[in-house]
Amino acid sequence: MSNREFVDLRSDTVTLPTEEMLEAIRHAKLGDDVYGEDPTVNELEALAAERMGKEAAVLVPSGTMANLVSLMSNTKRGDLVILESEAHMYWYEVGGISAVAGLLPWPVKSKFGALNPADVETVIRPKNVHFPEPALVCVENTHNRHGGTVVSPQQLREIGEVAGSHGLRFYMDGARIFNAAVSLGVDVKEFTKHVDNLMFCLSKGLSCPVGSLVVGSCDFVERARKNRKVLGGGMRQAGIIAAAGIVALETMVDRLADDHCNARFLAEGCAKIDGLGIDLARVQTDMVILDILGLGVEDAMFTSALKAKGVLAGAIGKGKVRFVTHRGIERKHVKHALRAIEEVVSELSSR
Ligand code: TLP
């Protein structure tokens, strides 16, 4: 069975390109981007920089590479990086922060994914011969493992002030920053103006097949371009990726509101099912995280029971199961998923 026959709620990364993207790819003007000669990549990078209110941008193949390149371009080996303890960079990027960038991650717990500025202040220690140099504070927006929660512009401003007052740079993994902007109904620059630099992904809710952008000052992006090359991410006729990215930035942002409505509908339905735990306050964008600990089964068992009913979800550990809405998931699919969840809960509870 192909995944097209499932209601696939594992991630917004499963979105397929739109017809308009495929057309744009077909007609893209191409050149060798390592020479800076791909006009479509150049256009996308300029557009991304303008949308984010920064000087420059560079296209990379994935969010993981975007984070790694940004870490390397904001620090030197041996530096200390402060990040949220469930951050994607810490959990899901194969330890590249240490293994490749040579950095010491310093995780800080938070309630909803937004670092408490006072906690950041506490972990920045004074200069001392024994200590690694603190160089960077990172935030993730929206915050994946916290359930797609938004770190507000006000929170960013406060964290950024602490970082800046100690001479640290401030970076945002903005893989889903447009979800944050749509959720609060504000321009994305309201978020980006508080950070020195950031990355965002084209290949998640925006429906592109590939691609993320690293955005910041000209100096930073020049270093990022070089670090992208170190990692083997210098691409040649990358206009075939960029063409879809331009369509995404121009046409795919506002529709994220539909994904948010569907996630809310799913969450409110799940809240009515006995045996499931759900924190509705965390359902702010396109994600719903269920706590199934009360059912006394492994999360992988729950997701395979759901799969047998045609619904795919992500087992994310600690008794949690994640559902992500996206383009291609309509209300009827969400209703199907809700019915399947209800049946699985009732079957598992009566074992
Ligand atoms: N997240 C993926 C998985 O890796 C978990 C997902 O399905 O949500 N930052 C954040 C906040 C992310 O959520 C992701 C992908 C990345 C970075 C990495 O992006 P890619 O997958 O393009 O390397």
Side-chain angles (χ1 to χ4, degrees), residues 3 8-17 48 58-72 81 83-97 100-101 105 107 110 112-115 138-151 156 171-181 183 188 191 195 197-215 228 231-233 235 238 241 244-245 248 256 259 263 282 284-289 299 303 312-318 320-329:
N3 285 344
D8 191 348
L9 296 167
R10 285 171 303 168
S11 182
D12 47 7
T13 59
V14 302
T15 41
L16 299 175
V58 57
L59 174 67
V60 298
S62 68
T64 302
M65 191 186 283
N67 277 334
L68 191 51
V69 154
S70 301
L71 286 166
M72 292 165 77
V81 174
L83 39 63
E84 206 278 334
S85 63
E86 303 241 358
H88 196 277
M89 274 188 277
Y90 192 58
W91 270 79
Y92 291 125
E93 299 187 7
V94 209
I97 186 169
V100 183
S110 79
F112 276 83
L115 293 168
C138 300
V139 285
E140 185 174 309
N141 211 2
T142 63
H143 197 296
N144 186 338
R145 284 190 60 83
H146 276 274
T149 47
V150 177
V151 183
L156 288 175
Y171 170 71
M172 180 161 68
D173 170 347
R176 297 185 179 83
I177 194 59
F178 284 112
N179 292 88
S183 169
V188 74
F191 296 86
V195 299
N197 39 63
L198 72 141
M199 76 85 162
F200 72 92
C201 294
L202 298 167
S203 58
K204 302 196 162 57
L206 299 187
S207 289
C208 284
V210 198
S212 295
L213 285 129
V214 172
V215 196
R228 179 187 68 168
L231 299 174
M235 298 175 284
I241 297 171
L256 294 173
D259 301 341
R282 285 177 197 272
Q284 301 172 8
T285 56
D286 61 348
M287 294 187 190
V288 176
I289 295 185
D299 46 11
T303 51
L312 301 180
I316 61 165
K318 298 186 190 168
K320 298 226 160 53
V321 177
R322 187 185 76 158
F323 300 79
V324 189
T325 53
H326 50 79
R327 193 179 66 83
I329 295 296

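Ligands are counted one by one from 1 in listed order, and the atoms in each one are counted from 1 as well. Computed from a predicted structure; not experimentally measured.
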Colleague: Are P105 and M89 side-chain neighbours, meaning at least one heavy-atom pair lies under 4.5 Å?
Modeller: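 Counting from C-beta outward, P105 and M89 never come under 4.5 Å.
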Colleague: Just jot down the ring pair (Phe, Tyr, Trp, His ring centres under 6.0 Å) partners of F200, sequence neighbours excluded, or say none.
Modeller: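 Ring pair (Phe, Tyr, Trp, His ring centres under 6.0 Å) list for F200, sorted by chain: F178.
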Colleague: Below 4.0 Å, non-hydrogen atoms only: which portion of N67 touches ligand 1? Side chain, backbone, both or neither.
Modeller: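 The answer is the side chain.
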Colleague: Give yes or no for whether the N/O distance cutoff of 3.5 Å, strictly under, is met between T142 and ligand 1.
Modeller: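 N/O-N/O distance under 3.5 Å: no.
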Colleague: Heavy atoms only: which of K204, R145, E140 lies closest to atom 11 (C) of ligand 1?
Modeller: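 When every heavy atom of K204, R145, E140 is considered, E140 comes closest to atom 11 (C) of ligand 1.
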Colleague: At a 4.0 Å threshold, what atoms of ligand 1 neighbour a non-hydrogen atom of R176?
Modeller: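 So the atoms of ligand 1 that pass are 6 (C), 8 (O), 12 (C), 13 (O).
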Colleague: From L83 CG over to D173 CG, what is the distance, rounded to the nearest 0.5 angstrom?
Modeller: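 These two atoms lie 10.0 Å from each other.
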Colleague: Heavy-atom contacts with E93 under 4.0 Å: which atoms of ligand 1 show up? List them by number with element.
Modeller: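 Counting from 1, the qualifying ligand atoms are 17 (C).
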Colleague: Which protein non-hydrogen atom lies closest to atom 7 (O) of ligand 1, naming both residue and atom, and how far is it?
Modeller: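 For atom 7 (O) of ligand 1, the nearest protein heavy atom comes out as S11 OG, 2.7 Å.
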Colleague: With atoms numbered from 1 as shown, which atoms in ligand 1 lie under 4.0 angstrom from a non-hydrogen atom of T64?
Modeller: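 Once the distances to T64 are compared, the set is 18 (C), 19 (O), 20 (P), 23 (O).
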Colleague: Is the shortest side-chain heavy-atom distance between L156 and N141 below 4.5 Å?
Modeller: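 Sidechains of N141 and L156: in contact.
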Colleague: On a heavy-atom basis, I'd like to know which of R10, H143, H88, R322 is closest to atom 3 (C) of ligand 1.
Modeller: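 Result: the heavy atom closest to atom 3 (C) of ligand 1 is in H88.
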Colleague: Which ligand 1 atoms, with their elements, are less than 4.0 angstrom from a heavy-atom of M199?
Modeller: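 It comes down to these atoms of ligand 1: 9 (N), 17 (C).
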Colleague: Rounded to the nearest 0.5 Å, what separation is found between the SG atom of C138 and the CG atom of L71?
Modeller: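 Answer rounded to 0.5 Å: 5.5 Å.
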Colleague: Could you identify the single nearest non-hydrogen protein atom to atom 20 (P) of ligand 1 and state the distance to 0.1 Å?
Modeller: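 The closest heavy atom on the protein side is G63 N, 3.4 Å.
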Colleague: Mind telling me whether Y92 and H88 have parallel, tilted or perpendicular rings, with 30° and 60° as the class edges?
Modeller: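 Plane angle between 30° and 60°, so tilted.
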Colleague: Is the shortest side-chain N to carboxylate O distance from D12 to R176 below 4.0 Å?
Modeller: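 R176 and D12: salt-bridged.
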Colleague: Within the distance-only criterion (no hydrogens, no angle test), does the side chain of T149 pair as donor or acceptor with the backbone N or O of F112 below 3.5 angstrom?
Modeller: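 Side chain of T149 to backbone of F112, a donor-acceptor pair under 3.5 Å: yes, one is there.
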Colleague: What atoms in ligand 1 come closer than 4.0 Å to a heavy atom of S62?
Modeller: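 Answer, ordered by atom number: 22 (O), 23 (O).
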Colleague: Taking 4.0 Å as the limit for heavy-atom contacts, which would you say applies to A175 with ligand 1: side chain only, backbone only, both, or neither?
Modeller: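 The side chain, only.
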Colleague: Report the residues that fulfil side-chain contact (heavy atoms from CB on, under 4.5 Å) with I289, sequence neighbours left out, ordered by chain and then residue number.
Modeller: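 Checked I289 against side-chain contact (heavy atoms from CB on, under 4.5 Å); matches are I316, K320, R322.
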Colleague: Considering only the protein, which heavy-atom contact is closest to atom 9 (N) of ligand 1, and what is its distance?
Modeller: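 Answer for atom 9 (N) of ligand 1: D173 OD2, 2.7 Å.
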Colleague: For M287, is at least one N or O under 3.5 Å away from an N or O on ligand 1?
Modeller: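 No; every N/O pair is 3.5 Å or more apart.
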